[in-house]
Amino acid sequence: NVYKENVERSPTVAKSFIFKNSAINELKGKSVSDIVPKPTSFQAIAGFIWEQALSVSDNGSSTGSVLHVTLDIRPRVDPPLPNGSIGNLAVITIATAGSEPGLPDLVAEIKSSVSKMKEEIKVYQGENGVEAIMENWSKVINTQVDYKDRAYRLISWSRLGFSELDFGFGKPVKMVPTDGRMSPFHRNL
């Protein structure tokens, strides 16, 4: 079982990072470019995390990298779906980086890939929606295979409402997207 072997050889490590508002504002300032004159907090933090991951990668910077960004499609479809809609209503967009990109380049690529996906989501609602979603998923898998350890995944749960959930014992303090066992596909998440 490949899944079991990889989990046993390479245990999952979950880390938590807290960014102060002043640090986020500083990152936004460092992320500014002609393409992204006013980066969002998400763009600045995502670009920074990607930049740091690339700086410690041991596969050489000349091979390029991809960042899979998971997007909630509820607010992006027409008409928007209610936040309480049940299901895995998410899609992955693929941002790519060449060798030795700077923070503004990474942020611009993240913004560009998210903007392209907003247009692609319209196709998902059409007659060939299932095929379009499957094609997107195939691209994600192929880039994961092609880039291996230089393929990163990012999910922001900051506006999904999970922090407001209360099952009778209070609101969550932290959320972790794993029980500690992850497939090789979810490395660098």
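Everything numeric here is computed off the predicted structure, so don't read it as measured data. The residues of the chain are indexed from 1 along the displayed sequence.
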Mind listing the side-chain donor-acceptor pairs of residues 21-28 below 3.5 Å, one per line with the distance, residues two or more places apart or on another chain?
| residue | atom | partner | partner atom | Å |
| --- | --- | --- | --- | --- |
| Asn25 | ND2 | Asn21 | O | 3.3 |
| Glu26 | OE2 | Lys30 | NZ | 3.3 |
| Lys28 | NZ | Ser41 | OG | 3.4 |

Applying side-chain contact (heavy atoms from CB on, under 4.5 Å), run through Ile110 and Phe42 and close with a yes or a no. CA-CA 10 Å; Ile110 291 167; Phe42 170 79; 4.2 Å; yes
Set of salt bridge (Lys or Arg N to Asp or Glu O under 4.0 Å) partners for Lys171, sequence neighbours left out: Glu164
Measure the [atom1]-[atom2] distance between [X] and [Y] for me, rounded to the nearest 0.5 Å.
| X | Y | atom1 | atom2 | answer |
| --- | --- | --- | --- | --- |
| Leu89 | Leu71 | CG | CG | 12.5 Å |
| Ile49 | Leu106 | CD1 | CG | 12.0 Å |
| Ile45 | Thr40 | CD1 | OG1 | 8.5 Å |
| Asp149 | Gln144 | CG | CD | 9.0 Å |
| Met117 | Ser112 | CE | OG | 11.5 Å |
| Met134 | Asn128 | CE | CG | 14.0 Å |

Return yes if some donor-acceptor pair links the side-chain N/O of Ser31 with the main-chain N/O of Pro39 below 3.5 Å, else return no. no
In the structure I gave you, are the side-chain heavy atoms of [X] and [Y] within less than 4.5 Å of one another anywhere?
| X | Y | result |
| --- | --- | --- |
| Val32 | Pro104 | no |
| Val91 | Trp137 | no |
| Asn142 | Val140 | no |
| Leu154 | Leu67 | yes |
| Leu54 | Tyr152 | yes |
| Val107 | Asp105 | no |
| Trp50 | Phe48 | no |

Give me the atom names and distance for the closest heavy-atom approach of Glu109 to Ile94.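 The pair with the smallest heavy-atom distance is OE2-O, 4.2 Å.
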Where Thr93 and Ser113 come nearest, the two heavy atoms and their spacing: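 Minimum heavy-atom separation between Thr93 and Ser113: OG1-O, 2.8 Å.
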Could you tell me which residues satisfy side chain to side chain donor-acceptor pair (under 3.5 Å) with Lys116, sequence neighbours excluded, listed by chain and number? none
Which donor-acceptor pairs under 3.5 Å do side chains of residues 74-82 form with protein atoms, sequence neighbours excluded?
| residue | atom | partner | partner atom | Å |
| --- | --- | --- | --- | --- |
| Arg74 | NE | Ser85 | O | 3.2 |
| Arg74 | NH1 | Asp72 | OD1 | 2.8 |
| Arg74 | NH2 | Ser85 | O | 2.9 |
| Arg74 | NH2 | Gly87 | O | 3.0 |
| Arg76 | NH1 | Asp72 | O | 2.6 |

Pair His68, Thr143 - check side-chain contact (heavy atoms from CB on, under 4.5 Å), show working. CA-CA 9 Å; His68 298 144; Thr143 57; 2.7 Å; yes
Could you name each residue pair satisfying salt bridge (charged side-chain N to carboxylate O under 4.0 Å, His left out) that touches residues 138-147, not counting sequence neighbours? Glu135-Lys139
Under 4.5 Å side-chain linkage, directly or through intermediates, the cluster mates of Ile18: none
Should Tyr124 and Val69 be counted in the same cluster of Ile, Leu, Val, Met, Phe, Trp and Tyr side chains packed under 4.5 Å apart? yes
Taking CD1 in Ile35 as the centre, count heavy atoms belonging to other residues, nucleotides or ligands within less than 6.0 Å. Is the count above 12? no
